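Below, read A as the first sequence line, B as the second, and so on, with proteins coming before strands; counting in each chain starts at 1. These numbers were taken from a predicted model, which means no experiment stands behind them.
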Number of protein chains: 2
Amino acid sequence: MKLEHYARLSAEEKDALDALTQVRTRRVRSRDDIIREGDAPSVINVVLEGWACRYKTLEDGRRQIIAYLLPGDVCDFSAPVLREMDHSVGAITTVTLAEIAVESVGHLFATYPRLTQALCWDALTSVSIQREWTVNVGQRTAFERLGHLLCELFVRQRLLGLTRGGVCDLPLTQAEIADTIGLSVVHVNRTLQDLRSAGLISLGGRELTIHRLEALQRAVLFNPSYLHLGHEGRHLDAPPPNP
Amino acid sequence: MKLEHYARLSAEEKDALDALTQVRTRRVRSRDDIIREGDAPSVINVVLEGWACRYKTLEDGRRQIIAYLLPGDVCDFSAPVLREMDHSVGAITTVTLAEIAVESVGHLFATYPRLTQALCWDALTSVSIQREWTVNVGQRTAFERLGHLLCELFVRQRLLGLTRGGVCDLPLTQAEIADTIGLSVVHVNRTLQDLRSAGLISLGGRELTIHRLEALQRAVLFNPSYLHLGHEGRHLDAPPPNP
DNA sequence: CGCAAGTTTGAATAGCCTCAAATCCGGTGG
DNA sequence: CCACCGGATTTGAGGCTATTCAAACTTGCG
């Protein structure tokens, strides 16, 4: 479903993908690790449901969350090529994964070149997001960083059809947000209050509401071009209908 | 030459690569742009000589350098797949580029699968570096950030055989370093003095000397595993001889 | 020799952090 | 149904890190 955003796929291609993800699934409980640094996973894990994150830990315990994985995202792209993981992937909520054998992927891509292109697009987008995160932590103020993160998570979910109007899930603790944007928990809390009192968002009970997306985007210098939306698929300003 | 680190290549494969890079070269002067945000380059640019950087600029002028490109690095991986560049690439020193037609790459990879693997390895490593940069700016102190950057640039150059003992080029101004690690120029200057007076480095006149690499690595929590060195190629602790 | 770019220094200030404690909330067991 | 518990959020106060602004100094280059 997610790959559809990048290239129109035929029914046959979609069936092939479906077959792949249904072979073997795995459930990981909230806060448990999906893959740990140093592992050399023999299968490719794809998130089907729930939220996960990539993170790295320094020797003294400092932790940086370097990516959020939503349904459709691949946990271990590098598995077939690099020897071992240089970071961990943890479950934020309870996560359902598809475990895909490396060989079956190779075969799939040899058969359906359009799938390869869609997956390339996806991989390149995730690199692009990583770059934007570097900008976020390196240049933006606390207010902008936090707002930017919320914008991104909202827009990414909207792309997946997971938003309800201006509302989306946000199953993160303030401590996790802090480890994402390189701030202390205390300061995240205070900055959240700033965003709230500016009338831009509401946040509470695992739910985020963005009251004025355009205003928020402007206030935090959020330019969604790095998400590479709307190539052949749906556009940012035409969110898919809800089920 | 750089791809040799990732997979042993046959003479035939090397010849094919050489032929590719000699077709058409281009020279860009120091401080000029190689590719600008919004461009849709029709060729793939590979750095043959000199230093370049990827960077993003915010509307109000703040700039973040998000990667350094050394000889062998590809400027625009995404060109064949994504529509347009979401960031710019600028020349730090005068840079010599090879301009490679997209089609000839496709043909090359169809013919030599080992090359594909080497290039995948390379691409995945650059993503891994990007992740580490996020950690660097997000979690480390000024002292650690700066030391970490210097370690990385030294080790990457050593891998290319561009170091002389503990010495390597460093053609960056303090302003560029500042935009890389998210600090002000003033503070970069002061932190450099800290590194110097700790006896760890000397820096001046475009040249960096690392006096005690292991000590520096420990002091700034530099763990080179994210560079994915020494798979089949040379190892970190056995730098190649100089010409 | 003189200019411009880059580096270095000083001083005052702002932003964010740490520590510590209080409050809120969701889930559990009595 | 209520009391309790632990995790998460919120508040306050003081301190450190890094910033800004401004000026002096150094260096490379024409």
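Put simply, chain A comes within 4.0 Å of DNA chain C, heavy atom to any atom, from C:dC16 to C:dC19, going 5' to 3'. If you walk DNA chain D from 5' to 3' and mark each nucleotide with an atom closer than 4.0 Å to a heavy atom of chain A, the marks span D:dA8 to D:dA13.
Checking A:Ile34, A:Val89, A:Val74, A:Leu97 one by one against A:Leu69, the side-chain contact (heavy atoms from CB on, under 4.5 Å) holds for a single residue, A:Val89. Under the side-chain contact (heavy atoms from CB on, under 4.5 Å) test applied with B:Leu146, the options B:Leu195, B:Asp194, B:Asn136, B:Thr180 reduce to a single match, B:Leu195.
Comparing B:Thr191 and B:Val186 by the nucleotide of DNA chain D that holds the closest heavy atom to each, the one mapping nearer the 5' end is B:Thr191. If B:Arg206 and A:Arg145 are placed on DNA chain C by their nearest nucleotide, the residue sitting closer to the 5' end is B:Arg206.
Within the structure, the salt bridge (charged side-chain N to carboxylate O under 4.0 Å, His left out) test picks out the following pairs touching residues 38-58 of chain A (sequence neighbours left out): A:Lys56-B:Glu132. The salt bridge (charged side-chain N to carboxylate O under 4.0 Å, His left out) pairs that include a residue from residues 180-191 of chain A number zero, where partners must be two or more places apart or lie in different chains. Under the salt bridge (charged side-chain N to carboxylate O under 4.0 Å, His left out) criterion, the residue pairs touching residues 58-73 of chain B are A:Glu144-B:Arg62, B:Lys2-B:Asp73, B:Asp60-B:Arg62, B:Arg63-B:Asp179, B:Asp73-B:Arg156, with sequence neighbours excluded. Sorted by first and then second residue, the ring pair (Phe, Tyr, Trp, His ring centres under 6.0 Å) pairs involving residues 23-62 of chain A (not counting sequence neighbours) form an empty list. Residue pairs meeting the salt bridge (charged side-chain N to carboxylate O under 4.0 Å, His left out) criterion with at least one partner in residues 201-221 of chain A, sequence neighbours excluded, are A:Arg164-A:Glu207.
For A:Asp32, the side chain to side chain contact (heavy atoms under 4.5 Å, CB included) partners at least two apart in sequence or on another chain are A:Val28, A:Arg29. Partners of A:Phe222 by ring pair (Phe, Tyr, Trp, His ring centres under 6.0 Å), not counting sequence neighbours, listed by chain and number: A:His148, A:Tyr226. With sequence neighbours left out, B:Ser184 forms a side chain to side chain contact (heavy atoms under 4.5 Å, CB included) with B:Val186, B:His187.
Nucleic acid contact for A:Val185: none, since no nucleic acid atom lies under 4.0 Å from a heavy atom of the residue. B:Arg62 comes within 4.0 angstrom of no nucleic acid atom, judged by non-hydrogen atoms across all strands. Contacts of A:Arg140 with the nucleic acid, taken as non-hydrogen atoms under 4.0 Å apart, are absent. Residue contacts shown for B:Gly182 are limited to sugar-phosphate atoms, with no base heavy atom under 4.0 Å away. Using a 4.0 Å heavy-atom criterion, one finds that B:Leu183 contacts the sugar-phosphate atoms exclusively.
Counting heavy-atom neighbours within 6.0 Å of B:Arg36 CZ, excluding the residue itself, gives a total of 12 or less. For CZ of B:Arg24, the number of neighbouring non-hydrogen atoms (other residues, nucleotides, ligands) closer than 6.0 Å is 12 at most.
Note on the helix from C:dC1-D:dG30 to C:dG30-D:dC1: angle between the axes of the first and last five pairs equals 40°, rounded to 10 degrees.
Residues from residues 169-178 of chain A that place a heavy atom under 4.0 Å from any atom of DNA chain D, listed by number: A:Thr173, A:Gln174.
No donor-acceptor contact under 3.5 angstrom links the side chains of B:Thr134 and A:Gln64, judged on distance only.
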